[in-house]
Amino acid sequence: MSSRAKILRDGGGWDSPAAKALARTWGDKPGLIGWISTVDHKAIGRRFIVTAFGFFALAGMMGGLMRHQLSVPSNTIVGPDFYNQLFTMHGTTMMFLFAVPVMQGIAVYLVPLMIGTRNTAFPRMTACSYWIYLIGGLTLFAGFAFGTGADAGWFAYVPLAGPEYGIGKRADFWNVLVNFTEAMGLMVAVDIATVILKMRAPGMSLRRMPLFVWASLVMAFMIIFSMPTVMLGANLVQLDRMLGTHFFNPAEGGDVLLWQHMFWFFGHPEVYFIFIPALGFVSAIIPTFARRPMFGHDAIVLSLIATGFLSFGLWVHHMFATNIPELGKSFFTAMSFMIAIPTAVQIFCWIATLATGRLNFRTPLLFVLGFFFVLLIGGLTGIILGSVPLDLQVTDTYFVVAHLHYVLVGGAVFPLLGAFFYWFPKVTGHMMSERMGQWQFWLFFIGVNVTFFPMHQLGLDGMPRRVYTYLAESGWGTLNLVSIIGAVVVDMSMLLFVLNVVLSLFRRERAAENPWGAPTLEWAVPSPPPPFNFVVLPVVSSREPLWSRETGGATHVSGLATGTREGLVTTVLDAVPDVRYIYPSPGIWPFVAALAVAGWLIWSIFSVRGALWGMIPPTIAFIAWFWPRKRENDQHLALEKRP
Amino acid sequence: MNAVLDPAGPQAAHIAELWWVTLAVCALVFVAVLAVLAWGLWRAPRGDPQMVPGARPAPGAEKHLIRWVTAATVISTILLSGLLVASVATDRELAQLSLTNALNVRVKAHQWWWEVTYDDPQPERMFATANELRIPVGRPVLVTLDSGDVIHSFWVPRLHGKKDLIPGRTATIQLRADKAGEYHGPCAEYCGLQHAFMAFEVIALPPEQFETWAEAQRKPAADPEDAAARRGRELFLSGSCMLCHAIHGTTANARTAPDLTHIASRTRLGAGRLANTPQDLAAWIADPQKFKPGVNMPAHLLPDDDLKALVAYLGMLK
Amino acid sequence: MKITGAIGLAAAIVVVAGCEREQREFDKPSISSNPRAQAAGMSALQPGAPGRGMQPTASAGGYNEKSAYEIAQGKQLYRWYNCVGCHAQGGGGIGPALMDDQWIYGSTPDAIFATIVEGRPNGMPSFRGRIPEAQVWQLVAYVRSMGGLVSSDVAPNRSDGLLGAPPEGLREPKRPAENKPK
C-alpha cells in the first residue's frame, strides 16, 4: 500500500466498512499455516485453556487411580514404583501444566477485552510460549508413558532426585519440564503486565481498572519474581546430575536444603498466583450477580497487592520439620498468619456486596458460594499449618493433602468453573445449560467435601503422604473408603461438565452480547468477539463502563488505521493516550522458535553436549524472528506522517 | 487411631493443647463467616440480568458497611495475633523440656530402615538395634538424627512432632514418654520406593524393665544350643547374610543392614512390615521383595530345612 | 490438531529408548545364595575364562546393562560389599584399578562374573554363595560402567559423598588392549 493512499480510519458500527477492513487486517490466513502463525490473543488464550483442561483431565484420572489404590488396605492395583510416578505426575501436571497455564490463558483471553484494546502487547511471544508449554507437557507425558515418569514428587527434593538416588532419566525429565513451563510462564507474564500497564483504554486509570485485571497484574509480577528461582534451582540440579557439580552435595560443601529454599521460594508464591486470578474471577462474578458495584473496590485492590507481596515471605513454612533455627521459623508463622488478613478483607467485602445487592442465583454465583465454603475451610486449616508446633504434627500427612486440595480446589477450581460458565457465552457465543450446571455444581461440591474432608482425620490418625498402600491394622481403611466414594461423585460431576460443554457448543441459539448484564468492557463486543475486538476503542469514565458513564466527554477513540494493526499506548497511571503502536503481525517464527527451544531442552535431557550445541537452532530462530522487515518498516513510517 | 490427639508425653500434650485452642478459634470464625454470608444471602432480594444495576453509592453512603468490614478485620487480626502468641509460647514450651538424666540415642535413617544406637559415656556399654526405640517411662530422651542417604523424617505422633533427617545436617529431637506403651512411628518424608513401609516402634517401659532390656541388648548373641540353631548359625555365617548384617559375638560385623544380634526381642520385622513370628520371618527371608518390592535385601531360595534352621537360630537371639 | 499429534509422536519416539533404561525388576529369586546349591562337579578356583557350561552366562538373561536401576544397584553393592576395600573408588590399591584399560581377565560381562563368583589368583576372593547371582550381575554392570563401557545415559552420576573419581557417565570408554595377566 503506497504511503499516499487514503488511510481508512476506524469508526462506525459492527457492519461498517471500517469493521470489514479491520476484519481483513486482523484476521488470520486460512488453513494450517494461519492457525499456527496466529497472534490473536483470543485464539492463543483458547489454546491455553483447552490444553490446560486436557492436562487437568489426565491429572484427574491419575488422582482417581491413586484413590482407588488407597481405597482398601494392602491393595495391589499399582505397585510402589508406578504409584510414585502417579503422585509425582499428578502434582506436577496439576500445578505446572494445568493451574498456572489456565489462569494465564484466561488472562491472555480476557484482559485485552476488559481493558478496551485490540491485542496483548507481545502476542508473538505469547504464541511462542504456548508451543513451548504444549511440547513440554507432551514430553513429560511421553516420558511417563514409557516408564521414565518423574517419580521424586512434584517438588523433587534432592538427594532423592539427585545424581545418586535419582536413578535413570526420570528426574531429568522433571527438571527440563520446569524449564519449559517456567519459560512459558515468564513470557506470558511479561506480556500481560505490559498490556495492563501500557495499553488500557483512555480514561481507565488504575483506580478504574476492573478487579480481574488487577489480579492478573499482581499474578504477572509474582511470576516474574518467583519463577526464575525454580528454573535456576532445577538447572543446578541438572548440573549436579549431568556434570557432577556439588551444589547439593554436603560432603563437598553443598547443601541439601538449598534446593528446598529455592523450590519453595517459588513454590509458595506459585500457589498464590494460582489463587489470586481466582479471586479476580470472584470479584468479576459477584458484582454482576449482585447487580451492584463491588463494595470496597480499593480495599480489594490493596488486598490483592498485599497478598502478592506477602506471599514471598512464607516459604519456610514448608520446611518447618527441618533443623532450621526455631526463632526463624516463628517469623514465618507470623507472616503466614499475616497473609490471612488481606484475604479476610476481600471475603468481608464480597459478603458485604452480596448482602446489599439483588441476587441472581445462577451457576456462576453458585460456584462462588461453593468457593466461600471450601476455601474458608482450606484457609483455616492453613492457619493450623502455619503454626510451627501444629505443623510438626500434621505436615507430610493426609492433613496437608486435605488442606491443599481445599485451598486449590476451593480457592481456584470452584472460581474457575464459575468463570467458565460466566464467560463461555462470550467466548463461544452459546450459553451453557443452566440445569446441568446446577447439577454439576452440587455433585462437585458434595464430592469434593466427601473426598477430602476425611483426609483431615487421616492425618491426625498418623497416615503419612506419598504411601502406596498401608496395612489393615493401621485403621485407615474406613476413611479412605469414604474418600473414594467422594471421588466417584466428583468424576460424575466432571462428566456432566464435559457433556454440558459439548452439548452447548452445538446449540442453535446464539448468546447475546451481554447475557448476564455485566459491567465490564468485554461484554460490549459480540459473542464471540471479532478478531479486532472493538471497532472503535472505548474511552472509559467509570469503574463499571457498561453500567454508568459520565455525561459529556469523549466516548471513544477515533482515528486509528484499519489497514495495519494499529493500537494505542496510554500512560501507566491515568491511561492518557500516549503513542500509537503497531502490533506484531502473524508469523511462523514464534512456532519455529518454540520447536527449536524444545529441541534444545529435550536434547539436554540426554546429553551435556546437547545442552551446549542445542542452543544454536533457537539462536538462529530468534534472530530470524526479530530481523527487521523492510515492508513493515515502510508501512509504519507511512503511518507516522501526519494524516 | 487418633494418634496426634492422644498424647502420651509432654511434647505431644503441649501440641494437642494448642490444637484444641486453634481449632476452637478456627471453627468459631468458620461458623461466624458462613452465618453472616448465609444471612446476607437470605435477606438480599432477588435480581436478574435485566434489572438496572445499582448506582455507584456516593462516598460516605456505605459507612455502616465500612464499619462492619473494619470491625471484622480488626477482630480477625486480634484472633490471629492471639494464635501467634499461643504458637510461639508452645514452641518455647517444647524447647524447654528438661533434659536432666536424659537418655542419648542416635538414629540414622537409611532406605528403608532405622539404625538406632544407644550412646553411653562408657563405650563398652553402647549398643545398636534397628527399627525399634525402647525408652524408659518418665525419663527424657535426646535423639540425634542423621541420614545415610536421602531425606527421611522421624515422627512418633503420640510423643512429639516431626523432625527431618537430612544428609549433611544433624538434627536433634527431645521427647519423653509419660505412659508405658507402644507408639508407632511412620517415616514422614517421601524417601523412595518403600517409604510406605519404613516404620519404627517406640516402646516405653517402666525404668526397671528398660534397664533389664538394655542389659540384655548389651550382651553378645547367645550361643546356639540345639542342632537346628547351630546349623542356622553356620548358614548365616557361610552364606550371604553376613555380608550385610551383624550379629555381635560372631564374625558377622557388617553395618549396611539392621543389626540382628537381638532380633528375636523385637516386635516387628522389615521396619514394621511384618510381625516377628517364625512364619513371617521365614517368609521374609525367602522373599523380602514380595512384602517390600524394591527393598535392598535379595530373595533367598533355601531348601525348607535350611530355612527352618536359620529361623530357629534367629529366633533364639533374644 | 495434526500438529499436536505430530509433536506427540516425535516426543514419543525420542523417549522410546527410555523404556528399557527405566525398568525396575524387584522379584529375582536367586539360586546361588545357598552354598549348598552348587551343581555337583563344579571346581572351585578357575582363573581365566569361565568354565564352559557350568557358569551362568550374560546371554542367558539376568544381565542387563541397559537398565539404569541395575547399574545403580551395582554401585550401591560395590560400596556395601566393601569392594572399595581393595579396589577403592576404581583406582585400585590392594587390588587392581577397575577404571583403567587394563582388564587382566577381560572386560566381557561373563569374564567379570567369573572373577567375582570364582575369584582369581593373587587375592580376589570367590563370592560364590555369598552374593546372589542377580546381585553379581548388577556388580558386573557397575564394574563395566567404571571403565566407561556402558551407555552414558544409563551410567550412574556422581555419588553424594566425597568426590573419589569422575562420575561414571562422564568417563571415556576403556576397552582392553589385549588380555595380559599381570
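Letters A, B, ... mirror the listed sequences (proteins, then strands); counts begin at 1.
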K.L.:
Side chain from CB out, backbone as N, CA, C, O: work out which of these in A:Pro519 comes under 4.5 Å of a heavy atom of chain B, or both, or neither.
P.N.:
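No part of A:Pro519 comes within 4.5 Å of chain B.
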
K.L.:
Give a yes-or-no answer on whether the side chains of B:Trp155 and A:Gln393 include a donor-acceptor pair shorter than 3.5 Å.
P.N.:
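Yes.
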
K.L.:
Let's test your reading of the structure: which of A:Phe87, A:Tyr157, A:Tyr83 forms the most heavy-atom pairs below 4.5 Å with chain B?
P.N.:
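When all of A:Phe87, A:Tyr157, A:Tyr83 are compared, A:Phe87 has the most.
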
K.L.:
Check each atom of B:Ile173 against the heavy atoms of chain A and say whether the ones under 4.5 Å are side chain, backbone, both or neither.
P.N.:
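Neither part.
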
K.L.:
Most heavy-atom pairs under 4.5 angstrom with chain A, which of B:Asp149, B:Val29, B:Leu165?
P.N.:
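Top option by heavy-atom pairs under 4.5 Å: B:Asp149.
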
K.L.:
Less than 4.5 Å to any heavy atom of chain A: does that hold for the side chain of B:Val25, its backbone, both, or neither?
P.N.:
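Contact with chain A is absent: no heavy atom of B:Val25 under 4.5 Å.
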
K.L.:
Checking A:Glu544 against chain B: side chain, backbone, both or neither under 4.5 Å from a heavy atom?
P.N.:
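Side chain only.
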
K.L.:
So does A:Asn323 get a backbone contact from the side chain of B:Lys163, meaning a donor-acceptor N/O pair under 3.5 Å?
P.N.:
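Pair absent, no side-chain N/O of B:Lys163 close to backbone of A:Asn323.
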
K.L.:
Tell me, side chain or backbone of B:Leu94 under 4.5 Å from chain A's heavy atoms, or both, or neither?
P.N.:
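The side chain, not the backbone.
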
K.L.:
Which atoms of B:Arg273 are under 4.5 Å from chain A, going by heavy atoms: the side chain, the backbone, both sets, or neither?
P.N.:
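Looking at B:Arg273, backbone and side chain both touch chain A.
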
K.L.:
Check whether B:Gln111 gets within reach of chain A through its side chain, its backbone, both or neither, counting any heavy atom under 4.5 Å.
P.N.:
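The side chain, not the backbone.
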
K.L.:
Name the region of B:Thr22, side chain, backbone, both or neither, that has any atom closer than 4.5 Å to a heavy atom of chain A.
P.N.:
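Contact with chain A involves the side chain of B:Thr22 alone.
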
K.L.:
Checking A:Val256 against chain B: side chain, backbone, both or neither under 4.5 Å from a heavy atom?
P.N.:
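Contact with chain B involves the side chain of A:Val256 alone.
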
K.L.:
In terms of heavy-atom pairs under 4.5 Å with chain A, which of B:Gly168, B:Pro45, B:Ala44 leads?
P.N.:
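With the most close heavy-atom pairs to chain A, the winner is B:Pro45.
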
K.L.:
Checking heavy atoms, do the side chain of B:Phe197, its backbone, both or neither come under 4.5 Å from chain A?
P.N.:
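Just its side chain gets close to chain A.
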
K.L.:
Can you tell me how far CG of A:Leu160 sits from NE2 of B:His195, rounded to the nearest 0.5 angstrom?
P.N.:
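Here the interatomic distance stands at 10.5 Å.
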
K.L.:
With distance as the sole criterion, is a donor-acceptor pair present between the side chains of B:Tyr190 and A:Asn84 under 3.5 Å?
P.N.:
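Per modelled atom types, B:Tyr190 and A:Asn84 side chains form a pair under 3.5 Å.
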
K.L.:
Which atoms of A:Leu369 are under 4.5 Å from chain B, going by heavy atoms: the side chain, the backbone, both sets, or neither?
P.N.:
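Just its side chain gets close to chain B.
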
K.L.:
What part of A:Asn514 is in contact with chain B, defined as an atom under 4.5 angstrom from a non-hydrogen atom: side chain, backbone, both or neither?
P.N.:
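Contact with chain B: none, neither part.
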
K.L.:
Less than 4.0 Å between a side-chain N and a carboxylate O, is that true for A:Lys329 and B:Asp91?
P.N.:
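Looking at B:Asp91 and A:Lys329, the cut-off is not met.
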
